[in-house]
*Asks:* 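Pasting a structure below so you can have a look.
Order of the sequence lines sets the chain letters (A, B, ...), proteins ahead of strands, with each chain counted from 1. For clarity, every value in this text was computed on a predicted model and none was experimentally measured.
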Protein chains: 2
Amino acid sequence: MPKGIGSENPDNSENIVSVDLGDRSYNIHVGSNLLERAGEYIALAAPGARLAIITDTNVGPLHLATLTDSLDCAGIGWLAIEVPAGEKTKCFEQFHQVVEKVLAARLERGDAIVALGGGVVGDLAGFVAGVIRRGMKFIQLPTSLLAQVDSSVGGKTGINSPHGKNLIGVFHQPELVLADTGVLNTLSPREFRAGYAEVAKYGLIDRPNFFTWLEENWPEIERGGPARAEAIAESCRAKAAVVAADEREHGCRALLNLGHTFGHALEGATNYDSTRLVHGEGVAIGMVLAYKFSNRLNLAGPEAAERVIRHLKTVGLPTSISEIPGDVPPAEKLLEYIAQDKKVTKGELNFILTNGIGQSFIANNIATSQVLSFLKEEHPS
Amino acid sequence: MPKGIGSENPDNSENIVSVDLGDRSYNIHVGSNLLERAGEYIALAAPGARLAIITDTNVGPLHLATLTDSLDCAGIGWLAIEVPAGEKTKCFEQFHQVVEKVLAARLERGDAIVALGGGVVGDLAGFVAGVIRRGMKFIQLPTSLLAQVDSSVGGKTGINSPHGKNLIGVFHQPELVLADTGVLNTLSPREFRAGYAEVAKYGLIDRPNFFTWLEENWPEIERGGPARAEAIAESCRAKAAVVAADEREHGCRALLNLGHTFGHALEGATNYDSTRLVHGEGVAIGMVLAYKFSNRLNLAGPEAAERVIRHLKTVGLPTSISEIPGDVPPAEKLLEYIAQDKKVTKGELNFILTNGIGQSFIANNIATSQVLSFLKEEHPS
């Protein structure tokens, strides 16, 4: 906790997770009411900086005033740039517009871009921060569960291309992340569940005890008790550990893609239409498919996939392609989406597979034919 | 020299300059006939990579076939993307188009972007390489003197904004730079002289003996004798030393901007119209202005500026604003361009000033009023 902050407020419990990246290290603060004290934190993390706050048409009306009141109190100058809510905002046009708006405001290299929103806003704003004057300061104020446990941690930024998701971007680490658990109460149940898919993922990658704890504590996590903050902090710790070991995804960081190769393909196949499928739902189905595919390859027993399905069903997440509303393209087309996904090296397919709950690993050289016949079974046309 | 290369060709002298940046270190090879052997070098620096060659409408017809013949010999797959020649190509639209073309060709993270051209092509191609899949491999084959001694060394990439030059980009280091001194024979004398302004700059920053050597050897450098390759290699060594000490321009790297604050303002004020002023000409005038301004501030004697003017005149470079054809906006407007230049911190003007030949230093907190009255004297309206 920064010196002087929260000292008059001993009940205000707060978890701090450090992301250890040498001279690019930073802290993630997880707790309630952080947004209304953001000015104090930002004044310490980026002294003297002026801010360009990027937010969207959903989050701005809910939370921007809380943030700017706090900034005004702390004497920090700011301007706000609102972008349309939704995945389609992660496009070249929005990226260009926001960059030029920040330049028009004459922000300098020591000033900061602030992302106030979910994963879309964070990915776009981080990319903007990464390219203006070859790198401005960047601060993440994630307002969705997905952003708090995943996209705000680790420095990946970017936008989508017609050729695939997140294909254009940079690695750009923030100076500070404030994960305010209170703002999650404004999420729809569907959004909250979608973010939770990434929480469950950390258990399924390499933390079997965490997965068991999640199975036991889901009701309290959903209700918003202390277990929610603990689940978020543990997720951040899990991600921070992987990122510290492999910042630029040359090796083990790929583990974080558990469920994402199938998931991204399903998002692409449904044209990123969030009325049909949001990212976390794609990941939920993708994790089930990764566990089932591992079983088919005799890497894991059937009970592992069954346990994943059981927990995700309890949470209310989809666990099969057939649950996606509307037509989903045939298996051959899904395979094309997978092949264009960026987790491909020299034309061979890479997958995150598993030997059981919390025993995932990176598999290279998976044969296209095996994936195709598995997908045909899971998704008969 | 890579193992096996040039061994049958003992007369083929080649300078190798290492840029020491830890795990991002790379070599710059300076010599003749490097382009026709590029395939061998690239096979060693980026084994197995497919290439997207970015070139322009001037350079492509002259040199692309030499390069691709060499790649075909080495069994390296490639596609070529040609952009219009000229500074206006460093814009968001071209950037977007090239990115999508590379993605359409399904190049992967381990594949490489190759810049075959001058500074414009290198800056654009490097930025493209820096953002596709959050960073592809990058190889520089600079074909102008300016690119060989300056823009291809050090990892700065980017494009221009209506708000200023090079305001959008990333730091992205190449794997390999091949500076083929033979291709410089295809440059116009004006282009060659403009590139030479950056060569002289290294002497004027902190290598007074190099500047004296340049004064003595200019005729041979112009003619294309061994002094030309030596001038290029020494320039690369000078730049590599500064970049190794300060990769991301937090400190001494700013010295490389000697002449550039005034120079960029003049480029902006002439709307980047290369028929009126090219970058190196702006830098030449800018260096003279920096030396004269230093004299006006009693930091350097008048003889230093006089010596700079004498040498640049011998070379055939412009040394005053009045030599720029057409109307140049008044001093007040030039100051606005300076203020929007990225070498500004917290609204105060930073300049590279000097105590004499080869004795430059970074000056902060230069008062706007001093700059304005100096500009009014140099450029009465």
Side-chain angles (χ1 to χ4, degrees), chain A residues 23-24 47-50 91-93 95-97 99-111 123 126-136 155-164 166-172 247-250 336 339-348 350, chain B residues 23-24 47-50 91-93 95-97 99-111 123 126-136 155-164 166-172 247-250 336 339-348 350:
Chain A
D23 60 0
R24 293 183 308 289
R50 293 167 63 216
C91 67
F92 232 99
E93 213 160 64
F95 170 60
H96 186 186
Q97 281 180 27
V99 164
E100 296 295 357
K101 280 179 187 167
V102 173
L103 287 173
R106 300 202 168 194
L107 263 68
E108 297 169 6
R109 204 188 277 178
D111 292 328
D123 286 359
F127 189 24
V128 168
V131 305
I132 292 184
R133 299 167 194 273
R134 301 196 186 93
M136 292 178 65
K156 278 195 182 179
T157 75
I159 57 176
N160 302 324
S161 152
H163 299 286
N166 294 323
L167 290 178
I168 309 164
V170 294
F171 287 93
H172 191 62
E247 185 180 1
R248 288 184 171 250
E249 197 165 5
H250 297 302
E336 274 181 39
Q340 176 56 15
D341 195 78
K342 71 182 172 305
K343 269 76 66 184
V344 173
T345 308
K346 306 277 155 241
E348 295 197 302
N350 294 349
Chain B
D23 60 0
R24 294 183 308 290
R50 291 168 63 216
C91 67
F92 231 98
E93 212 161 63
F95 170 62
H96 186 186
Q97 281 181 25
V99 164
E100 296 295 357
K101 280 178 187 167
V102 173
L103 288 172
R106 300 201 169 193
L107 263 67
E108 298 168 6
R109 203 189 279 178
D111 292 329
D123 286 359
F127 189 25
V128 168
V131 304
I132 293 184
R133 300 167 194 272
R134 301 197 186 92
M136 292 179 64
K156 277 195 181 179
T157 76
I159 57 175
N160 302 324
S161 152
H163 300 287
N166 294 322
L167 290 177
I168 309 164
V170 294
F171 287 94
H172 191 62
E247 185 179 0
R248 290 187 168 247
E249 198 167 5
H250 296 304
E336 275 180 40
Q340 176 57 16
D341 194 79
K342 69 182 174 307
K343 269 76 66 183
V344 173
T345 309
K346 305 280 155 236
E348 295 195 303
N350 294 349

*Asks:* With B/R248, which residues qualify under salt bridge (Lys or Arg N to Asp or Glu O under 4.0 Å), at least two apart?
*Replies:* none
*Asks:* Could you work out, with side chain to side chain contact (heavy atoms under 4.5 Å, CB included) as the rule, every residue matching A/A105, not counting sequence neighbours?
*Replies:* A/L79, A/L107
*Asks:* In terms of the angle between their ring planes, are A/H96 and B/F92 parallel, tilted or perpendicular, with boundaries placed at 30° and 60°?
*Replies:* parallel
*Asks:* Between A/V170 and chain B, with a heavy-atom cut-off of 4.5 Å, which part of the residue counts as in contact: side chain, backbone, both or neither?
*Replies:* both
*Asks:* Rounded to the nearest 0.5 Å, how far apart are CZ of A/R133 and CD1 of B/I168?
*Replies:* 10.0 Å
*Asks:* For chain B, which of A/G130, A/G158, A/A104 has the most heavy-atom pairs under 4.5 Å?
*Replies:* A/A104
*Asks:* Between A/E249 and B/R109, is there a salt bridge with N-O shorter than 4.0 Å?
*Replies:* yes
*Asks:* What's the shortest heavy-atom distance between B/R134 and A/T157, and which atoms?
*Replies:* NE-O, 2.8 Å
